[in-house]
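Here is the structure we will look at, set down as C-alpha cells.
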Amino acid sequence: MAGKRLILMGPPGGGKGTQAKRLQDRYGIVQLSTGDMLRAAVKAGTPLGKQAKAVMDAGKLVSDDIMVGLIAERITQADCAQGFILDGFPRTVPQAEALDKLLKDKGISLDAVIEVEVPDARLIERITGRFTCSKCGEGYHDKFKQPRKAGVCDVCGSTEFTRRADDNAETVGARLKAYHDQTAPLMPHYRAQGLLKVIDGDRDMDVVTKDLESVLGT
Ligand code: AP5
C-alpha cells in the first residue's frame, strides 16, 4: 500500500501515537505527529517551543497559523512522498480547511480519515500511566504495556524513561474539553468528503491494529 495518506483522529490518550507507529512500520509510511514536533521544539528551547510550552501545559491548542505552517513545511519533505499518517493534525476546522487547500494545491489526495473512538472514562487511566523511552521514544504504560524486563526499554535497552508534562489528571480535563469542542466537529467535515471511518479503540491494542489494517488494506 505504498503511497497511502491518512489522518488518524481520536481523543488524547486514544492510541493514535501507538497505532501510528505500528502503521508506519507495517506500511513504510511516515508518522507526522504535531505533538512530537512541538515537544521537540520545547526541548530544543526554540522560539516556537517557548511559545508552545505554556499552551500545551494548560491542555489548550497552539494557534492554527503555527500548526498549519509546521505541517505545510513538513509534508513537502522527501520522506512523505511514499505516504504519511497525520497524528494530531488537523485539530480544528480552520486547520482542516487549510489542509484541504494545501493538499489540493499539491495534487495530493487522502485515502482515509480514521477516528479511533475511546470513552472519556478510559482516557485518564491511559494518559496518567503512560511513559516513554528517553532514548528511542518507544511508548509504554504502567498497566497496559510494561517493558519485558522492568526498567529496560525493549527496543534499545535504555534504562531512562520520561513522562509528559501534560500527562496529569488536571490537564487531561482541559485536553478532553479541547477535543470535544474543537476537534470533534471535524468528523462531519470528513464524513461529507466520504473519507471518515470509525474504529472502536477501547479494545486490546493488537485488535485495534488489525481493524486499522483491514480498513487500509494490504
Ligand atoms: P498530542 O501529542 O497530539 O497529544 P494528544 O492528542 O493529547 O494525544 P496523546 O499523545 O496524549 O495520545 P495518543 O492518542 O497518541 O495515545 P497513545 O498512543 O500515546 O498533543 C499534545 C499537545 O500539543 C496538545 O494538547 C496541544 O497543546 C498541542 N498540539 C498538538 N497538535 C496540535 C494541533 N494540530 N493544533 C493545536 N495544538 C496542537 O496512548 C496513550 C497510552 O495508552 C499509552 O501509554 C499506550 O500504551 C496506551 N494505550 C494505547 N492504546 C491502548 C489500548 N488499546 N488499550 C490499552 N492501552 C492503550
Side-chain angles (χ1 to χ4, degrees), residues 7-24 31-42 48-49 51-72 74-75 85-96 98-99 114-133 137-147 154 161-168 170-184 186 199-212:
I7 300 175
L8 214 45
M9 313 260 307
K16 304 180 294 295
T18 301
Q19 298 297 337
K21 285 197 171 55
R22 292 177 176 202
L23 297 177
Q24 166 173 264
Q31 174 196 14
L32 304 180
S33 159
T34 42
D36 285 351
M37 291 176 203
L38 290 170
R39 281 183 288 279
V42 170
L48 164 63
Q51 206 180 331
K53 185 174 180 353
V55 179
M56 294 170 79
D57 285 351
K60 298 195 170 147
L61 296 185
V62 174
S63 83
D64 290 335
D65 286 353
I66 290 178
M67 300 314 303
V68 170
L70 262 185
I71 282 294
R74 183 66 186 87
I75 216 165
I85 308 159
L86 284 166
D87 162 10
F89 183 95
R91 244 175 163 98
T92 64
V93 171
Q95 289 182 18
L99 179 67
I114 306 177
E115 179 193 6
V116 180
E117 263 189 340
V118 181
D120 285 7
R122 289 261 191 251
L123 299 168
I124 294 185
E125 182 183 32
R126 284 209 195 169
I127 290 175
T128 52
R130 168 170 54 189
F131 59 100
T132 306
C133 172
E138 181 68 5
Y140 295 97
H141 192 279
D142 292 329
K143 184 168 164 192
F144 303 123
K145 189 190 163 196
Q146 295 166 345
D154 296 346
F161 297 88
T162 48
R163 290 184 190 253
R164 275 168 47 177
D166 60 346
D167 277 355
N168 56 74
E170 306 80 67
T171 309
V172 173
R175 287 163 60 194
L176 276 174
K177 183 168 173 12
Y179 181 74
H180 291 300
D181 292 352
Q182 291 170 272
T183 308
L186 295 191
I199 282 187
D200 177 5
D202 188 17
R203 294 171 301 159
D204 182 87
M205 285 177 212
D206 295 343
V207 177
V208 176
T209 307
K210 285 219 157 47
D211 255 19
L212 286 164

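What's counted below: heavy atoms across the whole structure, side chains too, no hydrogens, waters or symmetry copies. Residue numbers count from 1 along this sequence. Each ligand, and each atom within it, is numbered from 1 in the order the structure gives.
- Interface of Met205 with ligand 1, defined as ligand atoms under 4.0 Å from a residue heavy atom, comprises 46 (O), 48 (N), 50 (N), 51 (C), 52 (C), 53 (N), 56 (N), 57 (C).
- Contact analysis leaves Gly10 out of contact with ligand 1, as no non-hydrogen atom separation drops below 4.0 angstrom.
- Looking only at heavy atoms of the protein, atom 7 (O) of ligand 1 is closest to Arg175 NH2, 2.7 Å.
- If you check which protein heavy atom lies closest to atom 12 (O) of ligand 1, you get Gly13 N, 2.8 Å.
- Between Arg163 and Asp142, at least one side-chain nitrogen of the basic residue sits less than 4.0 Å from a carboxylate oxygen of the acidic one, meeting the salt-bridge criterion.
- Using a 4.0 Å cut-off to heavy atoms of Gly201, the atoms of ligand 1 that qualify are 53 (N).
- The atoms of ligand 1 that sit less than 4.0 Å from any heavy atom of Pro11 are 14 (O).
- Of the protein's non-hydrogen atoms, the one nearest atom 37 (N) of ligand 1 is Val62 N, 3.1 Å.
- Heavy atoms of Tyr179 come nearer than 4.0 angstrom to ligand 1 in no pair at all.
- Here Arg22 pairs with Asp206 in a salt bridge; the nearest charged N to carboxylate O distance falls below 4.0 Å.
- Within the 4.0 Å heavy-atom criterion, the part of Arg203 lying near ligand 1 is the backbone and not the side chain.
- Near Gly17, meaning under 4.0 Å from any of its heavy atoms, are these atoms of ligand 1: 13 (P), 15 (O), 18 (O).
- For atom 28 (C) of ligand 1, the nearest protein heavy atom (residue, atom name, distance) is Leu38 CD1, 3.5 Å.
- Residue Arg39 places a heavy atom less than 4.0 Å from ligand 1.
- Less than 4.0 angstrom separates some heavy atom of Thr34 from each of these atoms of ligand 1: 30 (C), 31 (N), 32 (C), 34 (N).
- Nearest protein heavy-atom contact of atom 54 (N) of ligand 1 is Arg126 NH2, 3.6 Å.
- Closest to atom 20 (O) of ligand 1, if we only count protein heavy atoms, is Arg91 NH2, 3.3 Å.
- The aromatic rings of Phe161 and Tyr140 lie perpendicular to each other, with more than 60° between the two planes, well past the 30° mark.
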Practice prompt. Evaluate the criterion side-chain contact (heavy atoms from CB on, under 4.5 Å) for residue pair Arg203 and Asp211; output intermediate values, then yes/no.
Written response: CA-CA 11 Å; Arg203 294 171 301 159; Asp211 255 19; 2.7 Å; yes
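- Between Gly14 and ligand 1, a contact under 3.5 Å exists for at least one N or O pair.
- The shell of residues lying under 4.0 angstrom from ligand 1, judged by heavy atoms, excludes Met37.
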